[in-house]
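Here's the structure, in structure tokens; my notes come after.
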Amino acid sequence: HDAKYGDGIIIGIIDTGIWPESASFSDHGLSPIPSKWKGQCQAGEAFRSNQCNRKIIGARWYDKHLSAEDLKGEYRSARDAHGHGTHVASTAAGALVPNISFHGLAAGYARGVAPHARLAVYKACWGLGASCHDAGIIKAFDDAIHDGVDVLSLSIGKSGDEFFSSFHAVKNGITVIFAAGNEGPAPRTVTNALPWVITVASATIDRVFPTVITLANGSSSIVGQSLFYQPKDNNNWYEIHHSSCLIKDGEKINASLASGKIVFCYSPLSVSITSPFGYVSHAVKAAKEAGAKGIIIATYGLDILDYFEKCGAMPCIFVDFDAVGQINSSGDENTTPLVKIAPARTWVGGEVLAPKISTFSSRGPSPLLPQFLKPDVAAPGSNILAAVKDSYKFQSGTSMACPHVSGVAALLKALHPDWSPAIIKSALVTTASNDRYGLPILANGLPQKIADPFDYGGGFIDPNKATDPGLAYDVDPKDYDLVVNCESANSSCESIFQNLNLPSIAIPNLTMPTTVLRTVTNVGQDDAIYKAVVQCPPGVRISVEPSVLQFKQGKKKQSFKVTFSMTHKVQGSYLFGSLAWCDGAAHYVRIPIAVRPVISENYADL
């Protein structure tokens with residue numbers, strides 16, 4: 001409310017385009033287009049220039065570098081054939097739309113994070129696979145700088161590459177937010193790790209869709225999760241057909257055995273698969289082709305219920321591994337287990353243990369840039385309901401988490417127009433949460449564990465706290481020049497990387513006592529005293545000098561040194577800690593720390 005719902009702020013979306021007819025892009029009640037806007041509404045196939053309005057204030061598309069194959073099934077315009085860009089845009093800045101649900105599930109209002117912010121659309125991703133080409137992305141950055149956007153949201157990424165063109169946007173005062181990638185829970189998979197961007201991990205939210213499976217022997221019921229919304233013959237009992245989950249594309253389930261039954265898919269080997277998305281889709285497809293009445297998949301938490309959207313009237317359910325024994329024991333040598341499945345219901349609130357870092361969310365450190373701790377923060381990204389064409393559908397991914405942060409960045413910019421991209425990033429990182437109701441935030445994966453900075457950076461975003469962070473780690477854009485121009489082999493680069501004034505500290509090779517410099521800017525009340533609160537990584541000693549910072553009118557900046565040393569020399573793996581500045585009142589300005597002790601460089605931790 002204080003930020004006027006983002007009014008006057010322009011969010012640029014570099015993605016697959018937009019579906020302008022969606023109710024989420026209504027401009028009802030919006031003020032005129034901001035006078036700073038210098039962009040255009042580029043017409044094209046099935047997209048007229050008058051389809052921009054006071055919500056979608058600009059649209060551009062880039063196809064000159066594309067082949068005929070890239071354009072299959074596409075609109076040669078800013079219109080979104082894929083759905084990804086529309087989902088992302090409505091999450092960041094969609095208007096308030098009542099009576100939205102997915103066939104009755106997750107019913108309520110749909111609203112973007114900054115519902116009065118304006119959208120500038122840059123279609124640089126094309127085709128069924130939403131391939132994003134460098135040529136289009138670079139041109140989109142250039143156009144966004146010219147057009148006058150305040151925030152750029154990019155739910156894109158690719159392993160082994162970084163978008164250095166984002167540097168010019170940040171130098172021009174644009175806050176750039178990227179998705180962290182969907183290759184988790186394996187470590188060293190995070191992408192978009194450049195230090196001047198905000199890299200967003202995905203987390204679950206306090207909404208689940210429990211689905212009751214009743215066993216015929218009456219001994220018990222099992223609760224799984226699904227999007228099953230059309231119960232037919234709801235009182236019918238179905239036999240179970242056991243099948244492997246590890247079905248490759250094109251493989252079949254025996255129709256003579258599975259037809260008319262519920263396929264129960266359990267493969268212990270699937271536990272070791274860190275990217276299960278493929279086998280889930282293939283198993284569902286094979287069950288449908290075999291004429292099954294449904295499929296139950298025993299698995300660890302995957303956080304991807306949207307993969308069941310195409311099941312429609314056929315129940316597709318995730319259950320945990322404990323359910324395996326219950327289902328198997330409900331029959332005997334002569335009796336096949338029978339089950340009855342109820343439709344899913346929506347359960348929202350504090351009794352749901354959330355947030356948890358999504359299984360698929362890519363983890364740090366960056367294999368390309370381990371000197372910078374990534375990701376920066378986490379935001380909602382699992383089973384997010386948002387606009388796709390003329391309807392609303394669930395999607396999951398760091399692609400969904402990214403626009404949540406983009407919307408929050410827009411609100412912060414509206415509330416604090418003088419804040420730089422670095423201060424906005426700092427406010428989000430230093431106020432992020434590490435617990436909920438006194439319980440630590442968990443990271444789903446193999447196994448589930450307490451989340452650390454390589455899972456979620458500073459933590460799960462807390463937008464209201466970010467409006468008043470107390471202190472901020474600002475960065476002069478000229479310092480980014482030093483990073484861009486630095487060759488990693490140069491010994492001076494290590495110092496440049498370590499002393500870049502980021503709201504985090506990463507030391508990938510602690511071979512000897514190392515001192516890191518940081519400067520904080522007081523963005524709160526003039527007279528304030530902050531004391532250092534250190535949580536040392538195990539086996540690492542941290543000293544802070546000075547340990548007390550005193551601010552007064554005319555003295556907004558204070559610098560300090562952080563020195564790291566090993567208490568016991570050992571060739572180790574990454575260890576985690578934190579440094580916070582506390583004023584004894586409302587402000588606890590916390591940054592995450594990741595340190596890897598190293599004795600010999602001629603050693604591999606394998």
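Quantities reported herein were computed from a predicted structural model and do not represent experimental measurements.
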Separation between CD1 (Ile461) and CD1 (Ile198), nearest 0.5 Å, reads 10.0 Å
Validation row: His133, Asp70 side chains within 4.5 angstrom (heavy atoms)
yes
Exercise. Do Tyr456 and Asn434 have side-chain atoms, one donor and one acceptor, less than 3.5 Å apart?
Worked result: yes
Tyr392 meets the side-chain hydrogen bond (donor to acceptor under 3.5 Å, both in side chains) criterion, sequence neighbours left out, with Ser24
Fill in: Within-4.5 Å side-chain heavy-atom neighbours: Leu385 and Leu105
no
When Leu373, Val377, Val190 are each screened for side chain to side chain contact (heavy atoms under 4.5 Å, CB included) with Thr199, the one that passes is Val190
Worksheet entry | Side-chain (Arg118) to main-chain (His116) donor-acceptor, under 3.5 angstrom | yes
Rounded to the nearest 0.5 angstrom, the CG-NZ distance for Leu338 and Lys340 is 11.5 Å
When the ring centroid of Phe318 is compared with that of Phe308, is the distance short of 6.0 Å?
yes
Review point. When you measure from the side chain of Thr346 to the backbone N and O of Phe209, does any donor-acceptor pair fall under 3.5 Å?
Key: no
The salt bridge (charged side-chain N to carboxylate O under 4.0 Å, His left out) partners of Asp80 (sequence neighbours excluded) come to none
dist Ile327:CD1 -> Ile213:CD1 (nearest 0.5 Å) comes out at 5.5 Å
Next item on the list: Take Val284 and Tyr307 through the test side chain to side chain contact (heavy atoms under 4.5 Å, CB included) and record every step on the way to the result.
Entry: CA-CA 9 Å; Val284 169; Tyr307 271 57; over 6 Å; no
Here the gap from Leu428 atom CG to Phe460 atom CZ, rounded to the nearest 0.5 Å, amounts to 12.0 Å
In short, disulfide (SG to SG under 2.5 Å) pairs touching residues 280-329 with sequence neighbours left out are Cys311-Cys316
| query | Would you call Glu45 and Arg79 a salt bridge, taking side-chain N to carboxylate O under 4.0 Å as the test? | reply | no
task = Begin from the C-alpha positions of Asp134 and Asp161 and carry the test side chain to side chain contact (heavy atoms under 4.5 Å, CB included) through to its verdict.
result = CA-CA 10 Å; Asp134 287 350; Asp161 200 5; 3.9 Å; yes
Do the side chain of Asp15 and the main chain of Gly17 share a donor and acceptor less than 3.5 angstrom apart?
no
Original post:
Would you call Arg207 and Val352 a side-chain contact if the rule is heavy atoms closer than 4.5 Å?
Top reply: no
**Prompt:** With a 3.5 Å cut-off and no angle check, do the side chains of Asp303 and Asn383 form a donor-acceptor pair?
**Reply:** no
Distance-only donor-acceptor check, side chains Ser155 and His84, under 3.5 Å: no
message = Working note: Lys293 + Ile341, criterion side chain to side chain contact (heavy atoms under 4.5 Å, CB included); need CA distance, chi angles, decisive distance, verdict.
response = CA-CA 11 Å; Lys293 291 294 186 179; Ile341 299 172; over 6 Å; no
Next on the checklist: With a 3.5 Å distance limit and no angle check, can you tell me whether Asn192 reaches the backbone of Ala179 through a side-chain donor-acceptor pair?
Outcome noted: yes
With a 3.5 Å distance limit and no angle check, can you tell me whether Ser362 reaches the backbone of Gly181 through a side-chain donor-acceptor pair? yes
- Task: Test Tyr437 against Asp435 for side chain to side chain contact (heavy atoms under 4.5 Å, CB included), laying out the working first.
- Result: CA-CA 7 Å; Tyr437 308 118; Asp435 64 72; over 6 Å; no
Name each donor-acceptor pair under 3.5 Å that joins a side chain in residues 401-408 to protein atoms two or more places apart or in another chain, with its distance.
residue: His404; atom: ND1; partner: Pro380; partner atom: O; Å: 3.1
residue: His404; atom: ND1; partner: Met400; partner atom: O; Å: 2.8
residue: Ser406; atom: OG; partner: Ser153; partner atom: OG; Å: 2.7
residue: Ser406; atom: OG; partner: Cys402; partner atom: O; Å: 3.1

Sorted by chain and number, sequence neighbours left out, ring-ring contact (aromatic ring centres under 6.0 Å, His included) with Phe25 holds for none
Checklist entry - Under 4.5 Å between any side-chain heavy atoms of Glu289 and Ile253, yes or no? => result no
- Message: Is any side-chain heavy atom of Gln42 closer than 4.5 Å to one of Trp61?
- Response: yes
> Can Ser382 and Thr204 be counted as having a side-chain donor-acceptor contact under 3.5 angstrom?
Replying inline: no
Those residues at least two apart in sequence (or on a different chain) that pass salt bridge (charged side-chain N to carboxylate O under 4.0 Å, His left out) with Glu74 are Lys123
Could you check, using the six-membered ring where one of them is a Trp, whether Phe454 and Tyr574 have ring centers closer than 6.0 angstrom?
yes
Sorted by chain and residue number, the salt bridge (charged side-chain N to carboxylate O under 4.0 Å, His left out) partners of Arg76 (sequence neighbours excluded) come out as Asp63
Rounded to the nearest 0.5 angstrom, the NE2-CG distance for His241 and Asn254 is 6.5 Å
Practice item. With the side chain counted from C-beta on, respond yes when Ile297 and Val319 share a heavy-atom pair under 4.5 Å apart, and no when they do not. Key: no
Would you say the side-chain atoms of Glu21 and Gln51 include a donor-acceptor pair closer than 3.5 Å?
yes
One should read off an interatomic distance between Ile295 CD1 and Ser243 OG, to the nearest 0.5 angstrom, of 7.0 Å
Is the backbone of Tyr62 close enough, under 3.5 Å, to the side chain of Trp126 for a donor and an acceptor to pair up by distance? yes
Across all chains, not counting sequence neighbours, the side-chain hydrogen bond (donor to acceptor under 3.5 Å, both in side chains) partners of Asn99 are none
If you define the side chain from C-beta out and look only at heavy atoms, does anything of Ile317 sit under 4.5 Å from Phe228?
no
Answer yes or no: is there a donor N or O on one side and an acceptor on the other, between the side chain of Ser90 and the main chain of His87, under 3.5 Å? yes
Polar side-chain atom of Lys72 near backbone of Ala68 as donor-acceptor pair, under 3.5 Å:
no
Is the backbone of Ile56 close enough, under 3.5 Å, to the side chain of Asn53 for a donor and an acceptor to pair up by distance?
yes
Residues 347-368 vs salt bridge (charged side-chain N to carboxylate O under 4.0 Å, His left out), sequence neighbours excluded, gives Arg363-Asp455
By salt bridge (charged side-chain N to carboxylate O under 4.0 Å, His left out), Asp306 pairs with (sequence neighbours left out) none
Practice problem: Would you mind reporting whether Ile296 and Tyr266 have side-chain heavy atoms less than 4.5 Å apart? | Solution: no
For residues 376-390, the salt bridge (charged side-chain N to carboxylate O under 4.0 Å, His left out) pairs (sequence neighbours left out) are Lys374-Asp376, Asp376-Lys425
Test item: side-chain donor near acceptor, Ser202 and Ser361, under 3.5 Å: no
Checking Thr191, Thr398, Thr189, Thr359 against Asn182 for side chain to side chain donor-acceptor pair (under 3.5 Å), the one that qualifies is Thr398
Sequence neighbours excluded, the answer for ring-ring contact (aromatic ring centres under 6.0 Å, His included) partners of Phe102 is Tyr229, Phe394
